[in-house]
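Worksheet for the structure shown next.
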2 protein chains.
Amino acid sequence: MSLSDLFGGDPVVSGQQVRIEPTQQRSTARLSGLLDAAAVVVDEVGFDRITTAMVAERAGASIGTVYRYYPDRVAVLQALRERAVLRFRQRVVEQLRSSGPENWWDAVDCAVTAFVDLYRSEPGFRIVHFADRERTPISGSEDLESGYFARQLAGVLAEEFGLHGGPELIFRLEVTVEMADSILSRAFHSDPNGDERFIAECRRVMRDYLVGYYGPVAASV
Amino acid sequence: MSLSDLFGGDPVVSGQQVRIEPTQQRSTARLSGLLDAAAVVVDEVGFDRITTAMVAERAGASIGTVYRYYPDRVAVLQALRERAVLRFRQRVVEQLRSSGPENWWDAVDCAVTAFVDLYRSEPGFRIVHFADRERTPISGSEDLESGYFARQLAGVLAEEFGLHGGPELIFRLEVTVEMADSILSRAFHSDPNGDERFIAECRRVMRDYLVGYYGPVAASV
DNA sequence: TGCTCACCGAGCGGAACTCGATCATAGAAG
DNA sequence: CTTCTATGATCGAGTTCCGCTCGGTGAGCA
């Protein structure tokens, strides 16, 4: 099981999201263009105020085009979120590859770095929190929930760094993900560049929490 | 500075929220009735699907009455959230009074208990997370942010249990609040009664985090 | 030269929100 | 204790705006 298998993956999610899978080239550009526009608009006016007309206009498309690809307004937001989550996972893989972690903490740290980087650079990235809390009965695919990422990460930590896997590890990673998500969000709440104090504290909290269960970082290589 | 001064307080928040402060008796009943209705409807259909017409009908009021008090749809949700936060603070005070904490951890634990209890019993309480993440430019009052509660709690812990106060304590409590909020929300994500495993882990995380800075619980009495 | 995919945007239905008419209440006046 | 009345409170039809549809038009592929 390689890293790319774990995190990269294909956009499995699109199954329920997009009405019509684009066949021609220009349409795929439209599709991403719509999401780009949505990302910018979300940053400007927020979740509640965003309208499909705004997205269409910003993307240089007509309102009908939006609905050709997405069944409704929230589907656009969900697709944007899916793309953000996907990019996050891809970024984690890049980060792992480029930094070459020597122990499990380095690997976890890569995820934090990826998250912070994307929060800073990717428009609309804060959407990753949207609909987290919302009750989503038919949420289509399940690889958007924090549990999915926790499971994937558990696989890496167990196989690559010898952490004892199983449901315990998954559970603790899910707790870790929730903590990190909230503290990092807080870091960006008022500071668009991310309050370093919260970011640093987030790393510390995660590390201490996991060390409590899996021992010092050095010993687990 | 008494506990009730710290947490009880008056609904300072209403200043920007309500269009017209009710003067007659029946109107205050209407106001809370509207929020009661909104709470139930939120639990039933979620944030996105809730309509002002639903709230009005459930409250036995006309649509015009809703807009007499609230400028728009989201204002109703915000007001509901304000009330939930207020009730949480009041519940914390009750909890502190009835349980008589002997050390700082007992006091913190009271807050967790209050939160969990309300999540279980109070309709629409999960709204406390709504608009947390949302950019709220003119969010009216600031005693809804986690920082406010952290400051209040810091006051109690410093004065009552001798913890060293100041910005450090406030910062750590804010981190603690964010962590607890996210983990507890996760506990109620799929289990309406709250997954005890996450709740217990939340307590452990908070305790370990604070103990790391302020020493063992017993020693700090 | 068709044939299908992609796109457009006027139009429809419904939800958010307004506003003048109507009812209820508090408190003054007798 | 009863009017009386000013004003708060309520109502709900109507207006505006937004989510979404659908038939018609243009662009790419064979």
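Chain letters run A, B, ... following the sequence lines, proteins first, then strands; residues in each count from 1.
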* Asked: Below 4.0 angstrom from OP1 or OP2 of dG23(D), is there any side-chain N or O of R68(A)?
  -> no
* To do: Sugar-phosphate means primed atoms, P, OP1 and OP2; the rest is base. With that split, encode nucleotides 20-28 of chain C 5' to 3' as B, S or - using protein heavy atoms under 4.0 Å.
  => ----SS---
* Can you tell me if the side-chain N/O atoms of Y69(B) get under 4.0 Å from OP1 or OP2 in dT10(D)? -> yes
* Hey, are T113(A) and R203(A) close enough side-chain-wise for a donor-acceptor pair under 3.5 Å? -> yes
* **Set of residues satisfying side-chain hydrogen bond (donor to acceptor under 3.5 Å, both in side chains) with respect to R30(B), sequence neighbours excluded** => none
* Asked: Do any side-chain nitrogens or oxygens of S62(A) fall under 4.0 Å of OP1 or OP2 in dC7(C)?
  -> no
* **Test salt bridge (charged side-chain N to carboxylate O under 4.0 Å, His left out) applied to D109(A) and R207(A), step by step** => CA-CA 9 Å; D109(A) 194 66; R207(A) 186 175 168 128; over 6 Å; no
* Tell me what R30(A) touches on the nucleic acid: a base, only sugar-phosphate, or nothing, going by heavy atoms under 4.0 Å. => sugar-phosphate
* Which nucleotide sits closest to the side chain of I63(A): dC20(D), dA16(C), dA6(C)? -> dC20(D)
* By side-chain hydrogen bond (donor to acceptor under 3.5 Å, both in side chains), which residues pair with D72(B), not counting sequence neighbours? -> R49(A)
* Asked: Using rotation axes that map the C1' atoms of four end pairs onto the next four (five pairs an end), what angle separates the end axes of the helix from dT1(C)-dA30(D) to dG30(C)-dC1(D), to 10°?
  -> 10°
* **Check against salt bridge (charged side-chain N to carboxylate O under 4.0 Å, His left out), D191(A) and R197(A)** => CA-CA 11 Å; D191(A) 183 349; R197(A) 203 150 170 240; over 6 Å; no
* **Pair Y209(B), E201(A): side-chain N/O donor-acceptor within cut-off below 3.5 Å** => yes
* Asked: Name the one of V175(A), V205(A), L173(A) that satisfies side-chain contact (heavy atoms from CB on, under 4.5 Å) with L210(A)?
  -> L173(A)
* To do: With sequence neighbours left out, write down each residue that passes side-chain hydrogen bond (donor to acceptor under 3.5 Å, both in side chains) with R58(A), or none if nothing qualifies.
  => E44(A)
* **Partner set under side-chain hydrogen bond (donor to acceptor under 3.5 Å, both in side chains) for E196(A), not counting sequence neighbours** => R120(A)
* 5′-ward residue of the pair R73(B)/A61(A) relative to DNA chain C -> A61(A)
* To do: Calculate the interatomic distance between L34(A) atom CG and dA6(C) atom P; express it in whole Å.
  => 13 Å
* Which is true for L31(B) with a 4.0 Å heavy-atom rule: it touches a base, it touches only sugar-phosphate, or it touches nothing? -> nothing
